[in-house]
Chemist: 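What follows is a structure written as structure tokens; I'll ask about it next.
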Amino acid sequence: MRIGFFGTPYFAVPSLKMLAGEGYNVVGVFCQPDRKSGRGHKVSFSPIKEKALELGLPVFQFEKIKNPEAVKQIEDLNLDLMVTAAYGQILSQAILDAPKYGCINVHASLLPKYRGAAPIQWAIINGETSTGITTMFTDIGLDTGDMLLKRAVPIGPEETGGELYERLAVLGADVLKDTLEALREGTLVRSPQKEEEASYYPMLTKEMAKLDFTQSAKQLIDRVRALYPIMRCHASLNGEDVKLIQLKSAQTGAKGKPGEVLTADAKQGLIIQTGEGAVETVQIQYPGGKVMEAKASLLGKPIAVGDVFE
RNA sequence: CGCGGGGUAGAGCAGUUCGGUAGCUCGUCGGGCUCAUAACCCGGAGGUCAAGGGUUCAAAUCCCUUCCCCGCAA
């Protein structure tokens with residue numbers, strides 16, 4: 001079976017590794033073009049490109065996968081099956097029609113809930129206690145295709161987006177493996193998504209990392225851990241943009257308005273009033289500085305009680 | 001050559017504008033006080049001020065070079 005693999009970030013790596021390890025015939029790996037990134041604008045390869053090169057697989061990178069030359073390339077590969085996992089571009093019907101058995105996608109949620117590009121982070125932001133992996137036949141809609149296999153996992157109460165992302169990447173490879181085996185054995189069952197149960201969440205934007213202290217303590221804590229380490233949540237304090245890397249709930253007798261600093265010393269820590277309850281900032285980062293323990297930071301850079309994060 | 005911030009005691013920072021004895025908070029060590037404590041009081045140790053070169057009577061501070069860390073943007 002000739003397989004074309006479409007993926008870009010780390011999420012897709014375990015799946016590609018599994019395909020190669022299980023002896024599947026991956027005839028082409030498609031990923032997003034190399035981009036200048038990081039300090040100094042150095043060009044870096046995506047995790048999938050790195051892995052594909054390591055495995056000795058041919059790599060294809062198209063600026064727009066819908067362009068005729070890209071579609072022709074896919075058709076010329078004479079694929080039996082396409083596998084996608086966080087590729088990063090929307091596929092066209094012509095592409096989906098190219099492989100004999102269609103296109104199977106690995107999605108990091110329990111569909112039809114959390115359709116969209118950032119299901120992992122959104123699940124944590126919304127305080128979900130479980131999520132999972134769904135494999136599906138890709139259709140022209142956004143994560144709307146018929147579902148194949150589904151597996152759920154609990155979300156830890158303090159788990160970060162990065163940690164869950166890693167777990168789901170591994171689980172995704174596992175579910176994909178079972179899906180392909182079922183496909184070979186002819187036991188694969190398609191089940192349509194129920195539209196009335198569907199939910200869609202958009203891509204993450206940097207505005208989402210700006211903390212709103214009128215939210216409840218739990219919402220703030222969930223948001224900070226959901227976005228970590230992709231984005232570090234931040235708030236403005238006395239004109240400085242301060243990153244609050246890790247929050248936890250705090251008990252204190254003091255009260256204030258949302259965002260107001262209730263305690264700020266090395267013994268009790270940095271505790272901030274929210275719309276509902278209070279949060280302690282465990283780790284903090286100032287502009288130009290490294291991430292540090294908030295209690296240590298207060299020794300050299302005090303914050304006054306009554307100052308307001310906004 | 002994308003833009004910017006930073007490197008000072010074990011930790012976190014001030015001091016750099018305008019060159020003139022190396023400071024603060026905490027920790028640590030010793031002592032004291034207390035029924036007692038993460039409390040309080042007294043005292044001590046701990047720094048080639050990232051590295052190299054230059055200017056100067058004198059450099060953490062001014063000039064040049066290098067190394068390392070961080071944020072933004074992508």
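Below, read A as the first sequence line, B as the second, and so on, with proteins coming before strands; counting in each chain starts at 1.
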Chemist: Just how far, in rounded Å, is P of B:rC24 from CG of A:Asp265?
Modeler: 21 Å

Chemist: In whole Å, I'd like the distance from the CD atom of A:Gln268 to the P atom of B:rA39.
Modeler: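 Rounded to whole Å, this separation is 13 Å.
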
Chemist: Does anything in residues 298-310 of chain A come within less than 4.0 Å of RNA chain B? Heavy atoms only, and list the residues if so.
Modeler: A:Leu299, A:Gly300

Chemist: Of A:Ser297 and A:Ala266, whose closest RNA chain B nucleotide lies nearer the 5' terminus?
Modeler: A:Ser297

Chemist: Just the rounded figure in Å: distance from P of B:rG5 to CD of A:Glu240.
Modeler: 14 Å

Chemist: Across all strands, who's sitting opposite B:rU55 as a Watson-Crick or G-U wobble pair, both distances under 3.5 Å?
Modeler: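 Pairing partner: none.
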
Chemist: Do A:Asp212 and A:Gln215 have side-chain N/O donor and acceptor atoms under 3.5 Å apart?
Modeler: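 Looking only at side-chain atoms, A:Gln215 and A:Asp212 do not form any donor-acceptor pair under 3.5 Å.
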
Chemist: How far does the C1' atom of B:rU8 sit from the matching atom of B:rC68, given to the nearest Å?
Modeler: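 Comparing C1' positions in B:rU8 and B:rC68 gives a spacing of 16 Å.
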
Chemist: Is it true that A:Arg2 and A:Asp80 make a salt bridge, defined as a side-chain N closer than 4.0 Å to a carboxylate O?
Modeler: no

Chemist: Give a yes or no on whether a salt bridge exists between A:Glu69 and A:Lys72, defined as a side-chain N under 4.0 angstrom from a carboxylate O.
Modeler: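 Looking at A:Glu69 and A:Lys72, the cut-off is not met.
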
Chemist: Taking the P atom of each, how far is B:rC42 from B:rC24, in whole Å?
Modeler: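 Nearest-Å result for B:rC42 against B:rC24 at atom P: 13 Å.
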
Chemist: Could you please name the partner base of B:rC49, counting Watson-Crick and G-U wobble pairs only when both distances are under 3.5 Å?
Modeler: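 Paired with B:rC49, as far as the under-3.5 Å criterion goes, is no nucleotide at all.
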
Chemist: Between A:Ser46 and A:Thr8, does any side-chain donor sit less than 3.5 Å from a side-chain acceptor?
Modeler: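 Result is no, nothing qualifies.
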
Chemist: Between A:Glu195 and A:Arg115, is the closest basic N to carboxylate O distance under 4.0 Å?
Modeler: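 A:Glu195 and A:Arg115: salt-bridged.
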
Chemist: Let me know the distance between CG of A:Asp241 and C1' of B:rG5, rounded to the nearest Å.
Modeler: 13 Å

Chemist: Look through every strand shown and name the nucleotide pairing with B:rG4 as Watson-Crick or G-U wobble, where both distances are under 3.5 Å.
Modeler: B:rC70

Chemist: Grab the CD-C1' distance between A:Glu293 and B:rU25 for me, whole Å please.
Modeler: 17 Å

Chemist: Looking at A:Lys113 and A:Glu128, is there a salt bridge between them, counting it only when a charged N and a carboxylate O are closer than 4.0 Å?
Modeler: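 No, A:Glu128 and A:Lys113 are not salt-bridged.
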
Chemist: Under a single-linkage rule joining Ile, Leu, Val, Met, Phe, Trp and Tyr whose side-chain heavy atoms are separated by less than 4.5 Å, which residues share a cluster with A:Ile65?
Modeler: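 Grouped by the 4.5 Å side-chain rule, A:Phe6, A:Val27, A:Phe30, A:Phe60, A:Phe62, A:Val71, A:Ile74, A:Leu77, A:Leu79, A:Met82, A:Tyr87, A:Leu91, A:Ile95, A:Leu96, A:Ile140 form the rest of the cluster around A:Ile65.
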
Chemist: I need a per-nucleotide contact map over nucleotides 68-74 of chain B, read 5' to 3'. Cutoff is protein heavy atoms under 4.0 Å; write B for the base, S for backbone only, - otherwise.
Modeler: -SBBSBB

Chemist: Are the side chains of A:Leu57 and A:Leu16 in touch, meaning some heavy atoms are under 4.5 Å apart?
Modeler: yes

Chemist: Tell me which one of A:Ile245, A:Leu247, A:Leu244, A:Leu227 satisfies side-chain contact (heavy atoms from CB on, under 4.5 Å) with A:Cys233.
Modeler: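 Among A:Ile245, A:Leu247, A:Leu244, A:Leu227, the one that satisfies the side-chain contact (heavy atoms from CB on, under 4.5 Å) with A:Cys233 is A:Leu227.
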
